[in-house]
Trainee: 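Sharing a structure below in structure tokens format, with a few things to ask.
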Amino acid sequence: MSKVVVLEHPLIDHKMAIIRDVTTGTKAFRENVSEVGGLITYEITRDLETTPKLITTPMTETTAYTLEKGVVIVPILRAGLGMVDGIHNMIPSAKIGHIGLYRDEETLLPKTYYAKFPPGLAQSVVLLVDPMLATGASASKAIDILKANGAKDIRYVGLVGCPEGVKRLQKDHPEISIYLAAMDDHLNDKGYIVPGLGDCGDRLFGTK
Ligand code: URA
């Protein structure tokens with residue numbers, strides 16, 4: 001069964017309070033979502049392997065350690081974009097892919113309208129980014145797409161999850177680790193996480 005890590009850190013909690021607050025405007029919302037993305041990155045990458053490398057400091061030669069595998073950040077459009085800069089600031093060498101999904105109004109299933117990845121997905125650590133793990137349908141579909149494109153080491157990174165989304169992801173992709181800043185109570189009948197933070201895409205981009 002996949003690992004679910006809910007980050008417990010005072011800085012993350014503080015920023016999450018700002019993000020959740022309905023009075024927080026677009027600029028502060030965007031900044032804090034990105035910053036939480038950066039803070040979470042510390043935990044997601046804790047087990048990454050490193051390679052020893054002989055370097056010369058101004059004083060002497062020494063062995064230093066660099067990341068062994070490449071990292072690819074893959075936001076699900078559009079809300080996933082909000083966390084990308086924060087993660088990218090922590091791992092500047094990371095490449096970025098994108099997945100665009102929409103909901104088919106007849107089948108209610110997620111359909112792909114865009115998917116583009118850098119080469120070497122199979123050899124990379126792939127961070128799938130979507131702030132809200134709600135029904136889990138989009139995340140599950142995105143993981144299907146990543147696997148079909150060769151990705152093997154995939155980690156889900158989000159802000160807020162709920163039991164329904166976690167259960168769905170664990171059922172469909174039991175080997176994928178899930179990293180969240182908060183685990184909320186439930187999903188309402190409109191598919192929003194409660195207490196949640198509202199529509200993440202709208203709040204990031206000021207579209208409502
Ligand atoms: N997507 C959002 O933006 N918010 C939710 O609460 C659920 C899905």
Side-chain angles (χ1 to χ4, degrees), residues 2 4-7 12-40 73-87 98-115 127-146 154-173 176-208:
S2 62
V4 182
V5 181
V6 180
L7 277 294
I12 292 182
D13 290 345
H14 184 83
K15 290 177 189 304
M16 286 303 295
I18 297 169
I19 290 167
R20 287 183 188 279
D21 191 328
V22 69
T23 66
T24 298
T26 306
K27 181 172 184 286
F29 186 87
R30 205 170 46 235
E31 286 168 354
N32 280 277
V33 168
S34 178
E35 285 164 10
V36 172
L39 292 171
I40 292 183
I73 307 167
V74 181
I76 301 179
L77 303 176
R78 70 185 159 146
L81 293 173
M83 296 176 75
V84 169
D85 283 351
I87 300 172
H98 294 90
I99 293 178
L101 301 173
Y102 70 94
R103 198 161 84 131
D104 184 296
E105 289 310 328
E106 270 179 28
T107 64
L108 303 181
L109 296 173
K111 296 269 180 197
T112 314
Y113 67 85
Y114 190 77
L127 307 180
L128 176 66
V129 184
D130 194 6
M132 310 304 284
L133 182 56
T135 64
S138 302
S140 180
K141 174 76 176 175
I143 294 169
D144 288 340
I145 296 167
L146 289 171
I154 305 168
R155 301 155 191 228
Y156 177 91
V157 192
L159 287 184
V160 184
C162 63
E164 294 87 338
V166 167
K167 200 168 152 199
R168 167 76 188 265
L169 219 49
Q170 287 185 323
K171 177 172 151 287
D172 293 355
H173 300 286
I176 303 292
S177 295
I178 301 170
Y179 295 88
L180 298 166
M183 181 71 179
D184 276 10
D185 192 58
H186 68 279
L187 207 56
N188 73 10
D189 58 3
K190 298 205 162 41
Y192 283 90
I193 297 176
V194 182
L197 49 80
D199 189 301
C200 193
D202 281 341
R203 295 194 65 194
L204 279 170
F205 299 110
T207 41
K208 214 172 242 175

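All ligand and atom numbering here is 1-based and tracks the order in the structure.
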Trainee: Regarding atom 4 (N) of ligand 1: of the candidates Ala134, Gly196, Gly198, which has the closest heavy atom?
Mentor: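 Minimum heavy-atom distance to atom 4 (N) of ligand 1 goes to Gly198.
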Trainee: Can you tell whether the side chains of Glu164 and Arg168 come within less than 4.0 Å, N to carboxylate O?
Mentor: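 Salt bridge absent between Glu164 and Arg168.
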Trainee: Quick one: does any side-chain atom of Arg203 pair with a main-chain N or O of Thr24 as donor and acceptor, under 3.5 Å?
Mentor: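 Looks like yes, one N/O pair under 3.5 Å.
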Trainee: What protein heavy atom sits nearest atom 6 (O) of ligand 1, and how far away is it?
Mentor: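 Going by distance alone, atom 6 (O) of ligand 1 is nearest to Ile193 N, 2.8 Å.
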Trainee: Report yes if some heavy atom in the side chain of Val129 is under 4.5 Å from a heavy atom in the side chain of Ile87; otherwise report no.
Mentor: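 Sidechains of Ile87 and Val129: in contact.
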Trainee: Report yes or no: does Gly191 have a heavy atom closer than 4.0 Å to ligand 1?
Mentor: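 It does, in that a heavy atom of Gly191 comes within the 4.0 Å cut-off of ligand 1.
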Trainee: Hey, which atoms in ligand 1 end up nearer than 4.0 Å to a heavy atom of Cys200?
Mentor: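 Those of ligand 1 that fall under 4.0 Å from Cys200 are 2 (C), 3 (O).
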Trainee: Just by distance, no angles: are the side chains of Thr135 and Arg103 close enough, under 3.5 Å, to form a donor-acceptor pair?
Mentor: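 Absent: no donor and acceptor within the cut-off.
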